[in-house]
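To keep things clear, I will list the structure first and then write my remarks on it.
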Amino acid sequence: MTDQPASRFAHRPLRHWRERLIESVLFLAAFSAVMITVAIIAILIYESWSFFEHVSLKDFLTDTQWTPLFSDAHYGIMPLVAGTLVTSGVALLVAVPLGTVIAIYLSEFAPHTVRETVKPVLELLAGVPTIVFGYFALLFVTPLLQATVLPNLPGFNMLGPGIVIGIMIVPYVSSVSEDAMRAVPMHIREGSYAMGATRFQTALRVVTPAATSGIVAAYILGISRAVGETMVVAVAAGQQPNFTWNPMEPAATITTYIVQVSLGDLPHGSIGYQSIFAAGLVLLLMTLLFNIVGHLLRKRFRQAY
Amino acid sequence: MEPQNVREIRALIVRHKRWDKMFAIVGLIAMLVGVMTLFALFLDLAIDGLPRLSWDFFTSFPSRRAGQAGILSAWVGTTLVMLVTALTAVPLGIAAGIYLEEYAPRNWVTDLIEINVSNLAGVPSIVYGLLALGLFVYALDFGQSILSAGLTLALLILPVVIVATREAIRAVPGVIREAAYALGATKWQTVADHVLPYSTGGILTGVIIGLARAIGETAPVITIGALTFIAFLPPAPLKAEAPFLSFDWLFAPFTVMPIQMFNWLSRPEAAFLTNAAAAGVVIIVMTLAMNAFAIWLRYRYRKRIKW
């Protein structure tokens with residue numbers, strides 16, 4: 001009678017250790033997310049470090065030419081940054097108004113059935129690979145612009161890809177903004193209606209301000225997508241570094257420079273090889289900056305109910 | 001009662017109601033513009049590409065003559081890369097999701113992991129390509145191979161799988177766990193025998209959406225040095241003699257579908273652009289089918305499971 005409990009507990013250590021082992025394995029899997037971030041930062045900084053041993057930071061930031069692979073090499077990142085900002089700017093001019101209006105419509109005006117049909121369709125469209133959008137920019141939107149409003153537009157330009165990226169990120173912007181508006185409690189709308197406001201007045205002056213925090217998050221998501229977008233611009237904007245703020249000209253972005261270099265066969269450890277890591281570091285810092293600004297704006301506009 | 005005032009108020013109401021109607025129309029138009037533009041684009045692609053699709057297109061290697069070129073090496077490459085991606089990202093992502101949802105204590109390490117998972121989802125995909133170029137291709141010396149590409153895309157979709165796993169596990173009610181504990185099950189027995197089976201639907205949805213995204217990713221795969229012109233297949237994974245399995249294909253050079261399309265798009269001849277359109281149709285059909293299946297799966301599981 002006395003040794004029965006003892007024999008029952010005798011195999012407990014094994015079971016106990018198995019549980020501990022499983023927990024450790026699961027923890028390592030989860031911790032891999034931290035390892036990936038550390039690895040990304042470490043590799044970008046390590047290779048950029050070698051790059052900045054050859055190139056001064058002042059040249060990098062002030063030179064207006066980017067020609068690391070030419071014999072007369074210049075290492076000014078500004079042309080690539082300008083290209084990135086112009087294509088993203090065009091994209092936002094398309095995506096922000098269109099995405100916001102769609103979000104307000106779906107959240108405040110659309111009948112239930114319309115919303116239930118449109119949401120999955122938008123979700124589906126968000127899954128279309130970006131290389132396909134590159135095809136549209138090169139062979140549909142640019143020729144369309146040339147045939148209608150801009151006859152002098154060159155075949156490679158930043159306007160066409162910018163517009164296409166804009167259309168591409170509309171689903172992201174509208175679906176995240178709509179979620180934010182739907183999260184505004186019903187009694188706030190009812191309060192507004194009770195004061196005699198119409199649907200439009202309520203949407204514009206009550207729901208939208210209350211959901212600003214989430215809408216800003218949607219815009220930041222859109223900006224991140226546009227800045228990091230590669231294939232649309234690589235296909236349709238010409239891949240030549242060109243310091244200009246004019247969207248009607250061809251230019252390269254940070255991402256297309258990386259793609260262009262990777263398509264060739266650069267020896268490991270050369271300055272050209274290191275330059276794509278320096279470019280990648282700038283890209284990562286830009287997305288980080290937008291996200292920090294977004295975070296601060298979100299905090300500024302956050303409303304608690 | 002001053003009729004003058006009443007009339008003014010009525011006019012005001014009419015005016016504001018008109019604004020209401022106008023915005024409803026503007027919203028509808030905006031939505032149609034967004035959705036219809038995309039459909040117009042797909043229609044344009046289909047008109048250009050569909051006539052080019054034939055059996056030969058799937059069974060031919062790329063060629064200097066556009067009329068004879070096909071996507072054989074590309075779809076074989078995509079399939080093998082996806083195999084590596086799925087075998088890496090699915091176990092890793094599910095294990096991480098289980099840890100964060102069922103095991104993780106409330107402390108700063110957990111917070112750190114959660115912040116990193118959400119930040120990784122926002123890192124531009126080409127940066128993963130740079131990571132893989134430095135880490136897999138050179139530091140670990142996997143070369144510009146199927147293995148490197150598969151691992152790269154696995155890292156890229158890891159946040160998608162983790163988030164989907166967590167959402168699916170969170171939807172399993174606590175009473176299921178309490179019932180298992182009451183019968184003397186350990187934590188792992190509870191998770192493996194009860195929580196995981198109930199969340200399979202949600203996890204599967206996330207995995208499919210993640211893989212569909214990986215199929216379409218071009219930039220990171222170019223960055224690690226996939227070739228654009230490949231006229232041979234990787235070594236076969238099955239052999240006639242013992243040990244019957246070969247892993248040489250993991251280290252073979254390769255190309256994938258979106259890179260093949262990119263290669264054709266960067267050529268000036270119109271015939272190659274038609275090939276690009278045809279490859280685009282194949283890619284879109286593949287990814288849309290996977291996404292639609294995932295959305296349908298989620299809908300079905302939501303409907304069937306009632307706690």
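Order of the sequence lines fixes the chain letters, A, B, ..., with proteins taken first and strands second; residue numbering starts at 1 for each chain.
- Taking the ring centroids of A:Phe136 and B:Phe42, they lie under the 6.0 Å cut-off.
- Side-chain atoms of A:Glu19 come within 3.5 Å of backbone N or O of B:Trp188 as a donor-acceptor pair.
- Both the backbone and the side chain of B:Gln189 come within contact range of chain A, each with at least one heavy atom under 4.5 Å from a heavy atom of that chain.
- Aromatic ring orientation, B:Phe23 versus A:Phe109: tilted (interplanar angle from 30° to 60°).
- Residue B:Leu273 touches chain A through both its backbone and its side chain, counting heavy-atom pairs closer than 4.5 Å.
- Considering only heavy-atom pairs separated by less than 4.5 Å from chain B, the leading option among A:Gly228, A:Ala30, A:Ala103, A:Gly196 is A:Ala30.
- Within 6.0 Å of the OH atom in A:Tyr46, the count of heavy atoms belonging to other residues, nucleotides or ligands does not exceed 12.
- Ranking B:Thr287, B:Val117, B:Ile295, B:Leu120 against chain A, the residue ahead of the rest is B:Leu120, based on heavy-atom pairs under 4.5 Å.
- When heavy atoms are compared at a cutoff of 4.5 Å, B:Ala277 approaches chain A by way of both its backbone and its side chain.
- Within the 4.5 angstrom heavy-atom criterion, only side-chain atoms of B:Leu158, from C-beta onward, approach chain A.
- With a 4.5 angstrom heavy-atom cutoff, B:Val281 does not touch chain A via any of its atoms.
- Of the listed residues (B:Asn291, B:Ile222, B:Leu92), the one with the most heavy-atom contacts under 4.5 Å to chain A is B:Ile222.
- Using a 4.5 Å cut-off between heavy atoms, B:Leu133 contacts chain A through both its backbone and its side chain.
- Contacts of B:Thr223 with chain A are made by both backbone and side-chain atoms, with heavy-atom separations under 4.5 Å.
- Proximity to chain A is absent for every atom of B:Ile224, based on heavy atoms less than 4.5 angstrom apart.
- Contact between B:Leu130 and A:Phe277 at its shortest, heavy atoms only, is O-CE2, 3.4 Å.
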